[in-house]
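For reference, the structure discussed in these notes is given below.
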Amino acid sequence: MKIWFDILTPKQYLFFEYFIQKLRKQHKIFATSRKYQQINDIVKFGSTNPVLIGKHGGGVKSNKMMASLQRSKLLTKKIEKFAPDLLISFCSPEASRVAFGSNIPHIAFSDSPHAKAVMKLSLPFVTKLLTPWIIPKNDFTLYGIDSKSIIRYKTIDAALIIKNYKNIKKKNSKSKKIILIRPEEVEAAYASKSNKTVKIIKKIVEKFPNEEKIVLSRYENQSKELKRIFGSNISLLSKPINGQEFLRKTDCFVGSGGTMTAESGLLGIPTISLNSVPNRIEDYLVKKKLIVRAETSEKISKQVFCALNDNNFMKKRKIQAKKIISSFEDPYPILLETIKSILK
């Protein structure tokens, strides 16, 4: 069987790498992606080398639309040659449209019903949707997919990603404690236009002068702006990293509530979420006390202080994280059953 994967973000690359490694033992895999600063360097952390077709449209809606239309045309030509039996994507709008027009069954994954634009442009064309069990089906059905076409699995996507990381190094001894900060998403269609990051970093720089402050920026313009404001007061990383390897060296993580926030919490790292984009995964991890929600710079600095000075709290967090991860199931057998059900 020939299976096409369309991979649009670093999270999708790391998530699908697990399935691709297994499926390629018996099937021919064709992976596509796009030119996008966030994903082009991530391939060094896996064995999949997707063909880059089209590009990311940036933060302006009209540019997003034009990039999407152009990518759909380019994908159509490429997919006609490969002639796949099945598409697997993370609700890729372009791949969804191409697969529908080419009569290719489409299995989609999603843990992000809050990404409204993506859901509207993909779910009406999806054959089956696979999603974490904590997300109600009606979060998706309002976008045009039948509830009978939604299949749930008992794991969080970030848990699968951290299980599949390679080359994990042990935590090195260091003289300074590390505060790792992941700024908010600013170019996604669902992103809030209010940016709290600068104010939060200023407070952390002020309150923790002796700790190492590392900021993982998302985009080139964001990096330039942070460098201009903070200079040598922070260490700035702008290229994709091995998240788990880096998080294991971290004493406290401050994130915006997305995938890396979930990864950090599931690794038992003291984790603070800005809750920039409210979502079901963040809600679940807050309820399980694997992450703490704090939405002002003052509250965040207090939580960072607690994280850096309460070793007993950290031990309890790691025990809780291991317990929760051990309760999760492997979604691969569920994917195989879904494939069989639509290709029989």
Side-chain angles (χ1 to χ4, degrees), residues 5 7 9-23 25 45-46 48 88-91 107-115 128-137 139-140 149-168 182 242-248 250 253 255 257-273 275 277-293 314-341:
F5 279 83
I7 303 167
T9 68
K11 177 258 185 77
Q12 293 176 26
Y13 180 89
L14 296 169
F15 180 74
F16 281 143
E17 174 73 3
Y18 173 72
F19 299 109
I20 290 172
Q21 286 176 2
K22 290 181 174 293
L23 288 168
K25 294 175 182 177
F45 300 126
T48 304
I88 299 176
S89 86
F90 213 88
C91 287
I107 296 175
F109 286 81
S110 180
D111 63 352
S112 308
H114 56 273
K128 295 289 183 182
L129 175 69
L130 275 60
T131 186
W133 86 109
I134 56 176
I135 302 179
K137 289 187 177 183
D139 277 17
F140 294 107
S149 297
I150 301 173
I151 300 164
R152 296 192 288 182
Y153 50 84
K154 191 182 178 183
T155 194
I156 291 174
D157 296 351
L160 191 67
I161 290 172
I162 62 177
K163 283 183 178 181
N164 199 44
Y165 268 127
K166 297 179 180 178
N167 302 319
I168 304 304
R182 179 67 160 166
N242 184 321
Q244 186 179 171
E245 180 178 322
F246 211 86
L247 284 167
R248 286 189 184 278
T250 298
F253 178 80
T259 302
M260 199 166 187
T261 302
E263 287 180 54
S264 179
L266 289 168
L267 285 169
I269 309 297
T271 302
I272 301 159
S273 171
N275 194 32
V277 183
N279 63 81
R280 300 285 188 180
I281 304 302
E282 196 257 15
D283 282 345
Y284 172 79
L285 294 173
V286 168
K287 289 175 183 176
K288 291 296 182 180
K289 298 182 179 180
L290 288 184
I291 65 177
V292 174
R293 187 182 291 154
M314 184 181 289
K315 290 178 182 177
K316 287 182 179 179
R317 186 73 64 86
K318 288 188 179 295
I319 292 171
Q320 173 73 346
K322 287 181 180 179
K323 181 180 178 181
I324 288 174
I325 285 182
S326 67
S327 71
F328 290 160
E329 67 180 342
D330 182 353
Y332 180 66
I334 296 172
L335 173 60
L336 288 183
E337 286 299 315
T338 305
I339 292 173
K340 290 178 183 177
S341 72

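All values below come from the heavy atoms of this structure, side chains included, with hydrogens, waters and symmetry mates left out.
Interatomic distance, OG of Ser89 versus CD1 of Ile107, reported as 10.5 Å (0.5 Å rounding). If you take OG1 on Thr271 and CZ on Arg182, they are separated by 14.0 Å, rounding to the nearest 0.5 Å. Rounding to the nearest 0.5 angstrom, the gap separating the CG atom in Leu130 from the CZ atom in Phe109 is 4.5 Å. Atom CD of Glu337 sits about 10.0 Å away from atom CG of Leu335, to the nearest 0.5 Å.
A salt bridge does not link Asp111 to Arg280: none of the charged side-chain nitrogens sits closer than 4.0 Å to a carboxylate oxygen. A salt bridge does not link Lys154 with Asp330: every distance from a Lys NZ or Arg NE/NH1/NH2 to an Asp or Glu carboxylate oxygen is 4.0 Å or more. Taking the charged nitrogens against the carboxylate oxygens, Asp283 and Arg293 do have a contact shorter than 4.0 Å, which makes a salt bridge.
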**Request:** Could you walk me through whether Thr131 and Phe140 pass the side-chain contact (heavy atoms from CB on, under 4.5 Å) test, one step at a time?
**Result:** CA-CA 10 Å; Thr131 186; Phe140 294 107; 3.5 Å; yes

**Request:** Starting from the C-alpha separation in whole Å, work towards a yes-or-no answer on side-chain contact (heavy atoms from CB on, under 4.5 Å) for Ile88 and Leu23.
**Result:** CA-CA 12 Å; Ile88 299 176; Leu23 288 168; 4.3 Å; yes

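Not less than 6.0 angstrom separates the ring centroid of Tyr13 from the ring centroid of Phe5.
Taking the side chain as every heavy atom from C-beta outward, Leu267 and Ile162 approach each other to under 4.5 Å. By the 4.5 Å heavy-atom criterion applied to side chains, Leu247 and Met260 are counted as neighbours.
Using a 3.5 Å distance cut-off with no hydrogens or angles, the side chains of Glu282 and Ser273 do pair a donor with an acceptor.
By the 30° and 60° cut-offs, the orientation of the rings of Tyr284 relative to Phe328 is tilted.
Shortest non-hydrogen contact noted between Gly265 and Ile291 is CA-CG2, 3.9 Å.
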